[in-house]
Novice: 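This is the structure, below, for whatever I ask next.
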Protein chains: 2
Amino acid sequence: MPRPFDPGYFEEPFLSLVREYPGEDVYPPGQFRVEWGPIFHRGRLDGSARVLVVGQDPAQHETIVRRVLVGEAGRRLQGFLAKVGVSASYVIVNTFLYSVFGSVKAATRRDPRLVGYRNRWLDALLIGKRVEGVLALGHAADEAWQMWKATPAGAALDVAYAGVTHPTQPESSSKGDRTKLAQATKKMLKSWNVGLQTLAPAVQHPDTPRPLVLYGDTWAPDDRLPVPEADFPAGLPAWMHEQDGWAKRVGKTLLAKRRNITITVPKGTVQ
Amino acid sequence: MPRPFDPGYFEEPFLSLVREYPGEDVYPPGQFRVEWGPIFHRGRLDGSARVLVVGQDPAQHETIVRRVLVGEAGRRLQGFLAKVGVSASYVIVNTFLYSVFGSVKAATRRDPRLVGYRNRWLDALLIGKRVEGVLALGHAADEAWQMWKATPAGAALDVAYAGVTHPTQPESSSKGDRTKLAQATKKMLKSWNVGLQTLAPAVQHPDTPRPLVLYGDTWAPDDRLPVPEADFPAGLPAWMHEQDGWAKRVGKTLLAKRRNITITVPKGTVQ
């Protein structure tokens, strides 16, 4: 059985982009986990993408896999993309190359070097390409998009755009309160429905044309879909594709936790 | 400052090889850590390799980095390659795709599917290519080489070959005994000197021609060299290139340990 994988960065301009990423001078270690290295993208770099997604920042699973949005937020995103008929023709970049540690200062967010590097990626993925819709996940991603739209190249490109609530905002805002989680999920899915109504008609060349089915007040079974194996680097085991929760930051102090990622193969994989 | 990286598997025959690797039916989980996935190679896949190295099996650092021989054994190998003038023009594959767990049964080692897949890699790296010398590290690697040489393609290729002691055999055989370690190191470096005397004259197109300097009875400062950053996938942090000891298998039971890899950023990297 062949196992598809993502060949990654082997052509310009991506070869250069991945060689020339900004480090600690642009992403201060007080605000970002720069010590784990940058994580660049997920999805198609070959010009076949019809939807561009701007996410926020990578976490521990993304750090091990070296691709963005591979966990729960990624599965929710796959469900959204499927609703606009897109199962493979997407590409995802994040607002930030590194995992946010604490919060990001406005001066950092607006640093022309940070913005400029991200804009080089957006230029590479959008100018002269086939993208028909852009989706931003969360406020920071929306800001990233607006910053690119403020460039001459951004202003010149006519493309549908939806900025929606981040896929795991309900969990992060409700902090374990089930009632709040249900309310936040309902609110988020409303925001996603607005996004769907913008992007579904704009995506003229979906992978699989289908009638638009909006979200309900909570998750339906098909609203969360697997992240395709073809989005992962070569040779990663199935449990890294199929679930998350296998990578945790463990430690007794904040520094110990920051220095650690503990990977545990899910129960039942090894006997 | 640009950060070089290895673009990996993006051209045939490597695209297909990396899609079609054998799994548990060929590599039994009782003998291999198949749950962590296969690790394929390190070094040049573009036909520029002058030396082909056959290693043994990957361990935990290789599992995270997804390249072979990136730890101490790899640094010792880089020192050997430098002595034959090769700083970049090499490619490394292992005897086994997966980390050995316990020991490997003869029937597994000789399984035509296991051998056949490995021979496809050796065919891809050797037939019609520019390799001038082959180095095998350890007994299993020597056997792998002999198995390829027994194929029609292997028999037809005239290439210098040296099978030497595995670079960390002194540590594994001496089990903490310093006297035994010194003796085993001396013995290994003798074996490496024999290998150097075979390969140095055979490598007619080194990256940096230099007079052959043999090993002494123990390690000299330049005998261990860094694994080049250009051999690692995109975006990995510097501490993953520059040292090892950052990945450990932790757990109270054999199974817990088998299911775990704990990564710790080296002290001083984060303040």
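As the structure is a computational prediction, the values presented were derived from the model and not from experiment. In what follows, every heavy atom counts, from backbone to side chain, and hydrogens, waters and symmetry copies are set aside. Convention: sequence-line order gives letters A, B, ...; per-chain numbering from 1.
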Novice: If you count heavy-atom pairs within less than 4.5 Å of chain B, which of A:Thr63, A:Leu236, A:Val270 leads?
Specialist: A:Val270
Novice: Please state whether the side chain, the backbone, both or neither of B:Phe40 comes within less than 4.5 Å of a heavy atom of chain A.
Specialist: side chain
Novice: What part of B:Lys248 gets closer than 4.5 Å to chain A, counting heavy atoms only: side chain, backbone, both or neither?
Specialist: neither
Novice: Taking every heavy-atom pair that is under 4.5 Å apart, which of A:Trp246, A:Trp36, A:Tyr9 has the most such pairs with chain B?
Specialist: A:Trp36
Novice: Are any non-hydrogen side-chain atoms of B:Ile263 and A:Ile64 less than 4.5 angstrom apart?
Specialist: yes
Novice: Against chain B, work out which of A:Val34, A:Thr269, A:Leu15 has the most heavy-atom pairs shorter than 4.5 Å and name it.
Specialist: A:Leu15
Novice: For chain A, which of B:Ala256, B:Pro237, B:Gly37 has the most heavy-atom pairs under 4.5 Å?
Specialist: B:Pro237
Novice: Who among B:Val250, B:Leu97, B:Asn260 has the most heavy-atom pairs with chain A under 4.5 Å?
Specialist: B:Asn260
Novice: Under 30°, 30 to 60°, or over 60°: which ring-plane class applies to A:Phe10 and B:Phe10, parallel, tilted or perpendicular?
Specialist: parallel
Novice: Heavy-atom distance under 4.5 Å between the side chains of B:Arg258 and A:Val265, does that happen here?
Specialist: no
Novice: Relative to chain B, which segment of A:Pro29 carries a heavy atom at a distance below 4.5 Å: side chain, backbone, both, or neither?
Specialist: neither
Novice: Checking heavy atoms, do the side chain of B:Pro266, its backbone, both or neither come under 4.5 Å from chain A?
Specialist: backbone
Novice: About how many Å separate CH2 of B:Trp239 and CD of A:Glu35, when rounded to the nearest 0.5 Å?
Specialist: 8.5 Å
Novice: Using a 4.5 angstrom heavy-atom cutoff, name the option from A:Gly235, A:Gly8, A:Pro7 with the most pairs to chain B.
Specialist: A:Gly235
Novice: For B:Ile39, is it the side chain, the backbone, both, or neither that has a heavy atom closer than 4.5 Å to a heavy atom of chain A?
Specialist: neither
